[in-house]
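Heads up: the structure comes next, in structure tokens.
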There are 2 protein chains.
Amino acid sequence: MAKATKRNPERTKELIHKAALAEFSDRGYGGARVDMIAERAGVNKRMLYHYYGNKDDLFLHVLERAYEKIRTHEGKLDLATLSPEEAVRELVKFTFKYHHENPEFMRLLNNENLYKAEHIKRSKNIKQMHSPFVDLMMDVLKRGEVAGVFRKNVDPVQFYITVASVAYFYLSNIYTLSTIFGRKLSSKPALDERLEHCTDVVLGYLRP
Amino acid sequence: MAKATKRNPERTKELIHKAALAEFSDRGYGGARVDMIAERAGVNKRMLYHYYGNKDDLFLHVLERAYEKIRTHEGKLDLATLSPEEAVRELVKFTFKYHHENPEFMRLLNNENLYKAEHIKRSKNIKQMHSPFVDLMMDVLKRGEVAGVFRKNVDPVQFYITVASVAYFYLSNIYTLSTIFGRKLSSKPALDERLEHCTDVVLGYLRP
DNA sequence: TTTTTAAGTAACTATTTAGTTAGTTATAAA
DNA sequence: TTTATAACTAACTAAATAGTTACTTAAAAA
């Protein structure tokens with residue numbers, strides 16, 4: 001735990017980061033208020049400009065950290081030791097779980113797409129951070145293909161996007177979908193059912 | 001074509017609606033500016049309050065019209081006369097095409113989910129407008145099941161969400177995905193390839 | 001111990017914001 | 001033609017907005 005001494009730049013920076021993540025995620029870039037970020041962080045607003053420059057740069061910083069976080073978690077998955085089918089199950093489960101437990105990530109991404117990716121286009125860091133999954137996936141898909149349990153010539157990028165899709169769309173649009181279908185899609189049974197469906201879709205597609 | 005007489009409430013309302021759709025879609029609710037909407041419409045700002053109440057109500061109105069539009073288009077699809085497989089192909093193609101040609105709809109939805117569906121929760125209209133697809137889908141899935149060409153007991157709502165997912169996620173996140181994967185996902189060949197992949201995924205899943 | 005650096009604060013500013021006031025004027029009903 | 005209604009306008013306002021100025025003070029380096 002961080003010492004709460006009178007001066008602590010690391011702690012202050014971290015408080016600002018956390019508050020900014022919450023505020024941008026809650027209200028979007030356009031709806032987020034710099035004053036609110038400072039207030040949520042319990043820090044003087046001037047500090048925010050001192051450490052992060054301005055609102056845009058702070059948003060980019062928050063995005064970079066969010067990408068870093070998911071890539072780190074992805075990197076920890078050990079798909080290579082599993083059978084192709086088990087690896088795919090694990091991948092779908094991880095993707096679903098991660099987005100469910102970290103909805104801020106989807107909210108930031110939606111917002112970044114609203115602004116046509118203008119922030120991450122400027123970011124060297126994020127561009128280099130392509131998912132380790134894509135390489136891993138190539139191996140898993142190849143192994144499945146050779147073993148005769150997966151269909152041939154699956155494009156790993158298309159496949160990655162599809163795995164993300166079936167989890168992301170459900171979780172990101174859960175409020176409108178729940179309202180329109182009159183179902184509580186965020187209940188535990190509904191979430192379990194959706195994960196099972198996602199797994200069925202992905203494995204169903206892969207059958208040769 | 002509308003007469004551009006000095007006074008024309010229908011035309012003024014329509015100009016405001018179009019400008020609001022564009023502004024909310026471009027900048028999100030929080031980033032949209034009432035003054036900009038008036039300017040884009042070429043109309044006095046007061047008119048906006050006169051016809052639509054306030055910013056929130058105007059946003060809800062725009063959302064309602066957007067839902068109405070997609071439901072109308074969906075309603076025109078005639079899946080019942082097609083073979084189950086052809087019906088599914090048509091459905092995937094329509095969904096992909098509609099979202100590609102009407103990206104404002106996804107942007108509005110993303111924004112509405114950012115605000116946890118607070119606007120549409122208040123809307124009687126939208127809640128009643130559940131997709132005619134879900135009923136149509138039930139028929140198509142059943143026909144395919146009986147004919148022995150589709151898997152059994154597919155939940156039409158899960159299925160509908162999945163069909164939307166694979167198109168929506170790709171198109172809505174096209175800017176960040178293109179940046180990260182270093183591929184121009186909005187090019188004609190990339191879009192064609194994606195549609196084919198989506199069709200393969202959905203039909204692959206349905207195989208018994 | 002002295003000096004330098006950087007962490008932190010309070011109060012401010014120019015501009016923008018959603019929403020309003022107080023009216024004018026075109027048009028359709030009487 | 002007169003009257004009532006509603007379309008439309010210009011100018012305004014109170015509050016909020018991103019960003020800044022001018023300063024104090026803790027703590028690391030000399």
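In this text, all values refer to a predicted model and were calculated from it rather than measured experimentally. Numbers restart at 1 for each chain; the letters A, B, ... are given by sequence-line order, proteins then strands.
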Quick check on His17(B): does its NE2 atom have over 12 non-hydrogen neighbours (other residues, nucleotides or ligands) under 6.0 Å away? yes
Glu10(B)/Lys13(B) salt bridge by N-O under 4.0 Å criterion: yes
Could you tell me which residues satisfy salt bridge (Lys or Arg N to Asp or Glu O under 4.0 Å) with Arg71(A), sequence neighbours excluded, listed by chain and number? Glu74(A)
Below 4.0 Å: OP1/OP2 of dG8(C) and any side-chain N or O of Thr12(A): yes
What pairs with Phe159(B) under ring-ring contact (aromatic ring centres under 6.0 Å, His included), at least two apart in sequence or on another chain? none
Under 3.5 Å, which protein N or O atoms sit close to an N or O of nucleotides 24-26 of chain D? Give each pair with its distance.
unit_1  : atom_1 : unit_2  : atom_2 : d
dT25(D) : O2     : Arg7(A) : NH1    : 3.2
dT25(D) : O2     : Arg7(A) : NH2    : 2.5
dA26(D) : O4'    : Arg7(A) : NE     : 3.2
dA26(D) : N3     : Arg7(A) : NH1    : 3.2

Against the side chain of Pro9(A), the closest entry in dA7(C), dG19(C), dA22(D) is dA7(C)
Nucleotide nearest Asn44(B) when distance is taken to its side chain, options dA10(D), dG8(C), dA18(D): dA10(D)
Does a sphere of radius 6.0 Å around CE in Met138(A) hold more than 12 heavy atoms from other residues, nucleotides or ligands, not counting ones at 6.0 Å or beyond? no
For Glu196(A), I'd like to know if atom CD has over 12 heavy atoms of other residues, nucleotides or ligands within 6.0 Å. no
Backbone N or O of Gln158(B) within a donor-acceptor pair of the Arg194(A) side chain at under 3.5 Å? yes
Nearest-Å distance, CE (Met36(A)) to C1' (dA18(D))? 15 Å
Return all side-chain donor-acceptor pairs below 3.5 angstrom for residues 54-63 of chain B, not counting sequence neighbours, or 'none' if the list is empty.
unit_1   : atom_1 : unit_2    : atom_2 : d
Asn54(B) : OD1    : Asp56(B)  : N      : 3.2
Asn54(B) : OD1    : Asp57(B)  : N      : 2.9
Lys55(B) : NZ     : Tyr29(B)  : O      : 3.0
Lys55(B) : NZ     : Ala32(B)  : O      : 3.0
Asp56(B) : OD1    : His119(B) : NE2    : 2.8
Asp56(B) : OD2    : Tyr29(B)  : OH     : 2.9
Asp57(B) : OD1    : Arg122(B) : NH2    : 3.0

Within this structure, what is the CZ-to-P distance between Phe59(A) and dA18(D), rounded to whole angstrom? 14 Å
Could you go through nucleotides 12-17 of chain D and list every protein N or O atom that sits under 3.5 Å from one of its N or O atoms, giving the distance for each pair?
unit_1  : atom_1 : unit_2   : atom_2 : d
dT17(D) : OP1    : Arg33(A) : NE     : 2.5

Within this structure, what is the CZ-to-P distance between Arg46(A) and dA22(D), rounded to whole angstrom? 12 Å
Between dG19(D) (P) and Ile37(A) (CD1): distance, integer Å: 10 Å
To the nearest angstrom, the NE2-P distance between His50(B) and dT20(C) comes to 13 Å
For the pair made of CD in Glu10(B) and C1' in dA26(C), what is the distance, rounded to whole Å? 17 Å
Contact residues, residues 15-31 of chain B to DNA chain D [heavy atom, < 4.0 Å]: none
Is there side-chain contact between Tyr67(B) and Asn125(B), with at least one heavy-atom pair below 4.5 Å? no
Establish, with yes or no, whether the OP1 or OP2 oxygen of dA6(D) is under 4.0 angstrom from a side-chain nitrogen or oxygen of Tyr51(B). no
Counting heavy atoms not belonging to Lys142(B), are there more than 12 under 6.0 Å from its NZ? no
Under a 4.0 Å N-O cut-off, is there an ion pair linking Lys121(A) with Glu118(A)? no
Salt-bridge test for Arg65(B) and Glu14(B): reply yes if a basic N is under 4.0 Å from a carboxylate O, no otherwise. yes
How close or far is atom P of dT9(D) from atom CG of Leu48(B), stated in whole angstroms? 13 Å
From CG of Asn8(B) over to C1' of dA6(D), roughly how many Å is that when rounded to an integer? 13 Å
